[in-house]
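Side chains are part of it too, since the values below use all heavy atoms of this structure and drop only hydrogens, waters and symmetry mates. As the structure is a prediction and not an experimental result, all values here were calculated from the model.
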Amino acid sequence: MKSEDTKPKRQPAAKRTAEAAPSENRTGRAPAEETPRAAAEEPAGTPIPTPEAALGLWMTWMKQNMAGMNGGGMGMGTGAPNASGDAAQPWWAVNADAMSGTLLASGVEQFQRFIAADPMLASIDKVWNANPLREVIPVDWSEAVRALRIVWLRSLRDPAKAMTRSAELNMQIWTSAFEAWNSAGARWWGLTTGAPASGDKRFDAPEWHSNPVYRTLKDMYLLASDFLLRQGLEDDDMDPKERERIAFHLRQFVDAMSPSLLLLSNPVALRRAMETGGASLADGARNLLHDLREGKLSMVDATAFEPGRNLAVTPGKVVYRNRLLELIQYTPVTEKVHQVPILIMPPWINKFYILDMQPKNSMVKYLVEQGYTVFMVSWKNPDASMEDITFEDYMNLGPLSAADVVRDITGSPTVNPIGYCIGGTLLAMTLAYLSAKGDTRFNSATFMVSMQDFSRVGDSAFFMDEPQIDFIEQQMMERGYLDSREMANMFNLLRSNDLIWSNVVNNYLLGGKPPAFDLLYWNSDGTRMARAAHSWYLRNTYVENNLIKPGKIQLGGVPIDLGKIKLDIYAVGAEKDHIVPWTSAWRITQLTGGKVRYVMATSGHIAGIINHPAGRKGSYSVLDGDKALDTPEKWLEAAEKNQGSWWVDWNRWLAEHAGEKVPAPALGSDKHPPLCDAPGTYVLEK
């Protein structure tokens with residue numbers, strides 16, 4: 001394994017952004033929205049905005065559409081800046097080429113002059129420019145600057161529409177400010193009490209609603225953010241994928257600009273600082289220094305949990321080990337069990353114990369209590385020595401080897417496999433491989449939030465385009481693996497307010513300790529990706545979508561055709577899944593040749609799956625009968641909604657496919673004796 005000194009270092013954000021010219025995307029091609037002149041080389045001497053200037057660029061752009069609040073009120077801007085920042089001509093009369101060059105050339109300078117007149121804004125700017133958060137927060141500032149530039153250029157195509165939108169924003173801001181002060185006056189005179197409920201956790205503090213200054217700041221931020229996200233992205237001529245990409249990076253940008261993230265504009269942080277005599281600020285500084293040393297944002301109290309101590313505690317034994325997995329057999333709690341055992345294949349991008357967190361929400365414990373013999377795959381955490389491990393190795397050393405061991409221990413000729421997320425993608429390929437060879441070791445299969453058709457991949461598409469995968473492959477070539485932090489950053493950005501910015505406020509502004517939350521601990525306990533296998537997986541799924549093309553993929557010289565899978569299948573999607581959209585999980589009903597019972601659970605990728613019936617939460621939709629429906633929308637319209645956990649429905653289905661009850665088998669066998677207690681050793685590797 002490579003030492004830390006030989007690992008490629010993460011470049012500072014400013015350097016990475018300076019290397020990414022906004023006039024080009026990562027493929028080197030000019031954005032489709034720009035005119036040929038705008039896509040041409042920038043004028044000599046035009047500076048590329050740095051991440052620290054992103055706030056300035058946004059403020060400059062907003063100021064072009066609205067005058068500043070100082071002096072002349074919130075009226076429409078009347079001129080575009082020239083190199084010196086003066087208004088030379090009406091902004092709507094400037095072509096895209098001139099506008100893009102002059103805005104980028106003068107944006108930072110104008111913003112500096114704008115804030116210089118206000119001591120508070122000047123202080124905030126100094127804090128932001130000196131802020132080391134950019135070293136632990138994974139926002140791609142070069143993409144944010146590029147998105148801002150495209151929005152500027154598109155707004156110039158229809159000056160009348162841009163002026164109308166700006167006027168509407170102007171009116172909304174003034175109306176909001178008037179209502180804030182009017183409401184404050186009403187409370188002062190006792191004409192009203194209380195504060196409106198907030199749907200945004202960032203602004204839950206009462207000051208954001210009762211204090212007119214904070215309320216006006218909040219409303220201006222939300223209105224301006226909504227304006228920016230809509231500006232130039234509502235036109236039909238933009239490619240839908242490009243629109244989604246720009247909107248995503250704009251959302252990352254406006255989330256990062258929230259006033260709740262600055263000490264001077266966060267009432268909770270200011271109150272905490274005064275109450276503690278500044279101790280909270282000292283604690284926050286210590287937390288930040290710790291995270292800078294670790295190179296990542298602390299999201300959970302890492303000392304509060306440990307697999308085998310208070311996570312993954314369902315009793316069992318490791319009964320088999322190879323270079324890619326440990327196989328756990330769980331101790332039965334019933335005298336008799338179903339004849340056909342269960343083999344669970346979790347994703348190898350996370351550790352298995354999401355399915356065995358704590359007794360109150362453990363899927364493994366639930367299955368054992370229902371009278372099933374349960375085996376779990378615990379994947380090895382790869383290092384540089386495993387860079388040549390292939391996807392075919394994952395199939396041979398994973399489900400195929402594990403199934404042989406399970407059959408030897410239980411005496412059952414068949415096994416019921418379960419595939420979770422990309423564990424299900426591997427399972428689908430394995431089933432197609434076995435079908436082509438006439439191998440019937442698997443009886444029926446369950447797929448949980450798993451994709452086979454990668455034409456609709458949800459929000460993760462923003463990280464899985466060709467240039468991004470080229471970058472990932474370059475990293476893996478240098479290290480021999482993909483670092484778990486890279487994967488964690490990707491998934492955390494999909495829910496940045498919940499998983500990133502809330503921790504920034506708690507850890508640094510409030511000086512609090514990271515929360516002790518089991519799910520966040522599991523989320524931060526990531527695994528690395530073996531270079532050869534992960535590169536093959538990304539290119540054959542996200543890039544080329546080869547799995548749905550019969551014969552396009554070959555494993556062990558066998559063409560893979562999902563249509564040859566004739567097993568009965570139970571498939572689950574999650575309504576709010578941002579990683580595997582439920583419509584993509586539904587596609588398995590069209591791709592395989594067996595009978596598929598599809599269920600849509602409420603909530604997301606994790607909470608939709610880990611929903612113990614004892615919690616009496618959520619619901620699920622299912623369509624009984626054999627009615628053929630060719631779209632997920634038609635399926636949803638015909639499906640029946642049921643309250644509670646889908647586990648109950650799944651248990652009935654599993655029982656029908658698991659054979660008669662037989663005496664529970666012993667743990668291990670003569671050929672495969674127990675090696676150690678669950679949860680084993682691989683899951684503890686960092």
Side-chain angles (χ1 to χ4, degrees), residues 1-2 318-328 343-352 375-408 415 417-437 439 441-442 445 450-452 469 472-473 475-484 487 526-544 546-547 551-562 672 675 680-683 685:
M1 186 170 178
K2 298 180 182 179
V318 173
V319 294
Y320 175 71
R321 180 186 294 126
N322 62 35
R323 66 181 305 202
L324 272 184
L325 64 79
E326 287 183 332
L327 184 65
I328 301 169
L343 171 62
I344 304 177
M345 282 174 289
W348 56 90
I349 62 173
N350 297 109
K351 295 185 177 178
F352 79 85
F375 292 80
M376 174 73 73
V377 166
S378 175
W379 297 105
K380 172 79 173 178
N381 194 357
D383 56 27
S385 68
M386 299 173 64
E387 66 174 324
D388 293 328
I389 289 287
T390 66
F391 196 86
E392 194 172 295
D393 291 329
Y394 268 88
M395 180 183 72
N396 290 326
L397 298 177
L400 296 184
S401 293
D404 288 339
V405 176
V406 171
R407 291 189 298 166
D408 175 79
V415 177
I418 299 171
Y420 189 2
C421 191
I422 65 172
T425 307
L426 172 62
L427 174 59
M429 296 188 199
T430 304
L431 293 178
Y433 170 85
L434 294 176
S435 296
K437 295 173 66 69
D439 191 316
R441 71 181 69 184
F442 289 135
S450 177
M451 269 195 295
Q452 291 76 41
I469 289 179
I472 290 173
E473 289 181 329
Q475 288 183 311
M476 292 192 295
M477 288 294 294
E478 294 171 349
R479 304 172 183 171
Y481 57 84
L482 178 65
D483 194 281
S484 62
M487 298 294 295
T527 59
R528 295 174 288 272
M529 302 290 106
R531 177 190 60 80
H534 197 57
S535 178
W536 185 95
Y537 167 76
L538 291 178
R539 293 219 165 261
N540 280 278
T541 55
Y542 285 96
V543 176
E544 300 177 13
N546 287 333
L547 186 51
K552 183 67 174 179
I553 290 175
Q554 290 194 9
L555 293 174
V558 176
I560 299 302
D561 182 355
L562 298 182
H672 300 289
L675 303 176
T681 60
Y682 282 179
V683 73
E685 295 176 344

Between Ser378 and Lys351, does a side-chain contact (heavy atoms from CB on, under 4.5 Å) hold up when you go through it step by step? CA-CA 7 Å; Ser378 175; Lys351 295 185 177 178; over 6 Å; no
Worked check of side-chain contact (heavy atoms from CB on, under 4.5 Å) between Trp536 and Ile553: CA-CA 11 Å; Trp536 185 95; Ile553 290 175; 3.6 Å; yes
For Arg531 and Asp388: C-alpha separation, side-chain torsions, deciding distance, then whether salt bridge (Lys or Arg N to Asp or Glu O under 4.0 Å) applies. CA-CA 7 Å; Arg531 177 190 60 80; Asp388 293 328; 2.9 Å; yes
Does Asp439 form a salt bridge (Lys or Arg N to Asp or Glu O under 4.0 Å) with Arg441? I'd like the steps, not just the answer. CA-CA 6 Å; Asp439 191 316; Arg441 71 181 69 184; 2.9 Å; yes
Evaluate the criterion side-chain contact (heavy atoms from CB on, under 4.5 Å) for residue pair Val319 and Leu675; output intermediate values, then yes/no. CA-CA 6 Å; Val319 294; Leu675 303 176; over 6 Å; no
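Residues Leu327 and Met376 form no side-chain contact, since every pair of their non-hydrogen atoms from C-beta on lies 4.5 Å or further apart. Put simply, the side chain of Thr527 reaches to within 4.5 Å of the side chain of Met529, judged on heavy atoms. Taking the side chain as every heavy atom from C-beta outward, Lys380 and Glu685 approach each other to under 4.5 Å. The side-chain heavy atoms of Leu547 and Leu562, taken from C-beta on, include a pair separated by under 4.5 Å. For the pair Val377/Leu343, a side-chain contact is recorded, criterion being any heavy-atom separation below 4.5 Å from C-beta on. At a threshold of 4.5 Å between non-hydrogen side-chain atoms, the residues Asp393 and Arg323 do not count as touching. Contact check for Tyr420 versus Phe352: no side-chain heavy atoms found under the 4.5 Å cut-off.
Nearest approach of Pro559 to Gly551, heavy atoms of both residues: CB-CA, 3.9 Å.
The aromatic ring centroids of Tyr394 and Trp348 lie less than 6.0 Å from each other.
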Which pairs of donor and acceptor atoms, one on a side chain in residues 395-403, lie under 3.5 Å apart (sequence neighbours left out)?
| from | atom 1 | to | atom 2 | distance (Å) |
| --- | --- | --- | --- | --- |
| Asn396 | ND2 | Glu392 | O | 3.3 |
| Ser401 | OG | Asn396 | O | 2.6 |

Pairs under 3.5 angstrom only: tabulate donor-acceptor contacts from the side chains of residues 421-434 to other protein residues two or more places apart or in another chain.
| from | atom 1 | to | atom 2 | distance (Å) |
| --- | --- | --- | --- | --- |
| Thr425 | OG1 | Met451 | O | 2.8 |
| Thr430 | OG1 | Leu426 | O | 2.8 |

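Once rounded to the nearest 0.5 Å, the distance linking CD of Glu387 with CZ of Arg479 reads 13.0 Å. Within the model, atoms CD of Gln554 and CG of Asn546 stand 11.5 Å from one another, a figure rounded to the nearest 0.5 Å.
A search for salt bridge (Lys or Arg N to Asp or Glu O under 4.0 Å) contacts involving Arg407 returns Asp404, not counting sequence neighbours. Arg321 pairs by the salt bridge (Lys or Arg N to Asp or Glu O under 4.0 Å) definition with Glu326, not counting sequence neighbours. In this structure, the side chain to side chain donor-acceptor pair (under 3.5 Å) partners of Tyr320, at least two apart in sequence or on a different chain, are Asn322. Under the side chain to side chain donor-acceptor pair (under 3.5 Å) criterion, Asp408 pairs with Ser669, not counting sequence neighbours.
For Gln452 and Ser450, the side-chain atoms include at least one donor-acceptor pair closer than 3.5 Å.
Side chain of Trp379 to backbone of Pro346: a donor-acceptor contact under 3.5 angstrom is found. Checked by atom type and distance alone, the side chain of Asn381 never pairs as donor or acceptor with a backbone atom of Val683 at under 3.5 Å.
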